[in-house]
Amino acid sequence: IEDARSRFEAILAVAALGDQTDDEHVEDLAAVGADAASALTPLPEVLLVLRISRDLVVQTAVEVAEERGRHWGLALSLLLTRILPALDRLTDAVARGYWAAVIARQEESRSRFANMVENSTDGVYEVDLEGRVRYANAALGVILGRRPDEIVGARFVEVLDPATKFALDAEESEVVVRRADGVVRVLDIRGVERRVAGVLVGYDGTVRDLTAAVRFEELRNDLLALLGHELRQPLNTILGLGATLQAHGNEFRPERIKSIGEKIHQQAEQTARLADDLYQVSRLDYDAQLVNRRRLDIAAAVTDALVAVAGTDQVSVQIPAGLVALADRRRTEQVVANLVENALRYGAPPVVVTADENGDEVVVRVSDRGSGVPPEMEADLFSKLTLTGLPRRTHATTGIGLALVRGLVEAMGGRVWYEHGATGGADFCFTLPSA
């Protein structure tokens with residue numbers, strides 16, 4: 001009883017200060033509630049502690065009043081009219097602080113999640129049970145080549161590609177789609193069911209563009225094929241001719257030996273040029289390619305470039321005499337040799353090399369009469385991370401040659417592009433600054 005009386009008298013002393021005490025403690029108790037929320041303490045446990053404290057105060061007041069007699073009745077009345085309402089307000093302050101912290105944390109999480117979804121490089125979508133898109137982020141539009149407003153409301157399968165087989169309930173699928181603009185993409189689609197109160201209401205998912213990774217893998221395989229085929233072929237020729245000379249050289253006439261020597265030299269030149277291309281591409285990646293631009297006679301440079309290319313009897317050069325550009329002679333010869341070799345290998349003869357002056361540029365054009373490049377591959381034609389498009393006409397190869405052409409031409413201040421031939425075939429064009 002004595003302990004209870006002491007506590008109760010302390011409560012009366014605090015209550016005598018009036019509403020000022022309540023106001024001073026409201027913010028502190030709101031902070032207590034926020035701390036409890038941050039500590040992930042369940043709100044019912046917090047309120048239970050406060051309720052127990054309230055009940056102890058009431059119990060103490062009743063015990064004191066019963067023990068001390070009537071003159072303590074006033075104190076009990078004060079408890080009921082002043083103390084308990086104050087405690088209730090303080091309890092409300094704790095609860096408000098708790099919920100304010102919970103809502104703020106949820107809002108922060110929602111904002112962070114929304115920012116992550118909206119700015120994700122992966123496509124994010126939400127579809128209903130009928131397969132219609134209810135939400136799509138900007139990245140999905142980029143991947144599928146459509147505006148978000150064209151996606152929302154449409155059937156997801158139709159947005160992907162009507163010819164693609166895709167199940168919404170598949171947890172993971174790798175599909176190849178052809179976009180409306182003709183571009184082919186390899187996509188990894190991962191979905192999950194969306195349920196509300198245990199009832200299936202739709203599907204959420206992500207779409208990742210694997211095209212670059214797949215093409216990089218193709219490039220790696222093509223490089224292995226390049227080293228295994230393109231290098232082996234001239235090396236086998238050199239080894240065969242060398243073995244022939246070693247075994248029967250004393251039996252051959254001088255002109256025969258000279259012919260074999262020319263073939264060995266030609267194959268060695270081809271191997272050296274391929275190795276040089278690989279090296280130059282690696283230097284281009286680090287912007288280490290140096291060019292020495294001087295006045296260059298285009299006709300002479302083209303003629304010299306064709307010396308190292310096999311099959312030049314099917315190549316005609318139609319370049320006016322005296323046409324001069326500012327360029328690096330060796331790099332220009334590399335560009336011409338690559339383009340002519342591509343035209344002979346992947347196109348069809350005759351191959352024609354022309355050049356003319358157009359304003360402050362000299363335009364060089366290498367034309368063949370093959371089947372041309374498939375339209376869907378033109379955009380990536382000069383990239384190393386894709387097949388050139390030319391192998392579709394014959395066999396697979398890499399785009400290293402065309403990537404090198406682009407790097408060398410741009411290093412000399414020009415530009416390079418592809419056009420469909422006026423009479424069929426392929427035209428590969430590049431410019432050099434006029435002298």
Side-chain angles (χ1 to χ4, degrees), residues 114 116-195 200-222 346 371-399 402 417-420 426:
M116 179 180 66
V117 170
E118 291 295 335
N119 296 291
S120 172
T121 55
D122 290 345
V124 180
Y125 67 87
E126 178 182 302
V127 300
D128 58 23
L129 291 177
E130 296 180 355
R132 294 193 177 278
V133 181
R134 297 305 177 194
Y135 169 80
N137 69 345
L140 185 62
V142 173
I143 292 172
L144 299 180
R146 298 175 180 268
R147 299 192 309 272
D149 60 345
E150 294 178 332
I151 298 175
V152 176
R155 292 180 60 82
F156 186 60
V157 175
E158 295 175 354
V159 168
L160 283 177
D161 182 355
T164 299
K165 294 182 179 179
F166 173 73
L168 290 172
D169 55 356
E171 293 184 1
E172 182 177 355
S173 299
E174 185 174 306
V175 298
V176 178
V177 302
R178 182 180 295 274
R179 304 189 326 190
D181 56 6
V183 175
V184 177
R185 286 285 183 263
V186 181
L187 307 178
D188 177 53
I189 304 177
R190 299 170 183 250
V192 63
E193 295 180 347
R194 186 174 72 258
R195 294 180 177 273
L200 179 64
V201 297
Y203 300 91
D204 297 332
T206 60
V207 178
R208 175 166 294 180
D209 192 345
L210 301 179
T211 308
V214 170
R215 288 181 174 176
F216 184 82
E217 182 66 17
E218 290 177 350
L219 172 62
R220 187 184 70 86
N221 294 334
D222 288 341
Y346 307 118
S371 58
V373 177
E376 67 271 13
M377 305 192 73
E378 292 180 20
D380 297 327
L381 196 55
F382 294 91
S383 170
K384 286 178 299 183
L385 294 180
T386 179
L387 299 179
T388 62
L390 298 173
R392 303 294 180 180
R393 296 183 273 177
T394 53
H395 58 275
T397 186
T398 60
L402 292 181
W417 69 94
Y418 164 80
E419 294 179 356
H420 293 285

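Every value quoted in this text rests on a predicted model; they were computed, and no experiment measured them. All heavy atoms count here, side chains included; hydrogens, waters and symmetry mates do not.
Residues satisfying the salt bridge (Lys or Arg N to Asp or Glu O under 4.0 Å) test with R134, not counting sequence neighbours, are D128. Every residue two or more places apart in sequence or in another chain that forms a side-chain contact (heavy atoms from CB on, under 4.5 Å) with L200 is listed here: L129, E193, R195, Y203. Y418 is linked by a ring pair (Phe, Tyr, Trp, His ring centres under 6.0 Å) to H420, F428, counting only residues two or more places apart in sequence or in another chain. With sequence neighbours excluded, the residues satisfying salt bridge (Lys or Arg N to Asp or Glu O under 4.0 Å) with R179 are D181. Under the side-chain hydrogen bond (donor to acceptor under 3.5 Å, both in side chains) criterion, R185 pairs with D209, not counting sequence neighbours. Legend: residues meeting side-chain contact (heavy atoms from CB on, under 4.5 Å) with V201, ordered by chain and number and at least two apart, are R194, V196. Taking E419 as the reference, R365 meet the salt bridge (Lys or Arg N to Asp or Glu O under 4.0 Å) condition, with sequence neighbours excluded. Applying the salt bridge (Lys or Arg N to Asp or Glu O under 4.0 Å) test to E150 and every residue at least two apart in sequence or in another chain returns R147. For the side-chain contact (heavy atoms from CB on, under 4.5 Å) test, residues two or more places apart in sequence or in another chain that qualify with V186 are E174, V176, L210, T211, V214.
Contact detail for S120 and A139: the closest heavy-atom pair is O-CB, 3.1 Å. Here the shortest heavy-atom pairing between G372 and A426 reads CA-CB, 4.2 Å. The heavy-atom pair separating E158 from R146 by the smallest distance is O-NH2, 3.9 Å.
Screening residues 132-158 for ring-ring contact (aromatic ring centres under 6.0 Å, His included) gives Y125-F156, F156-F166 as the qualifying pairs, with residues at least two apart or on separate chains.
Atom-to-atom distance recorded for T121:OG1 and R208:CZ is 6.5 Å, nearest 0.5 angstrom. Between the CD atom in E126 and the CG atom in D204 there is a gap of 5.0 Å [rounded to 0.5 Å]. Considering CG of D161 and CG of L144, their distance stands at 10.0 Å, rounded to 0.5 Å.
Of the residues V127, L140, I151, the one that meets the side chain to side chain contact (heavy atoms under 4.5 Å, CB included) test with V159 is I151. Of the candidates V177, V207, T206, V207 is the only one forming a side chain to side chain contact (heavy atoms under 4.5 Å, CB included) with I189.
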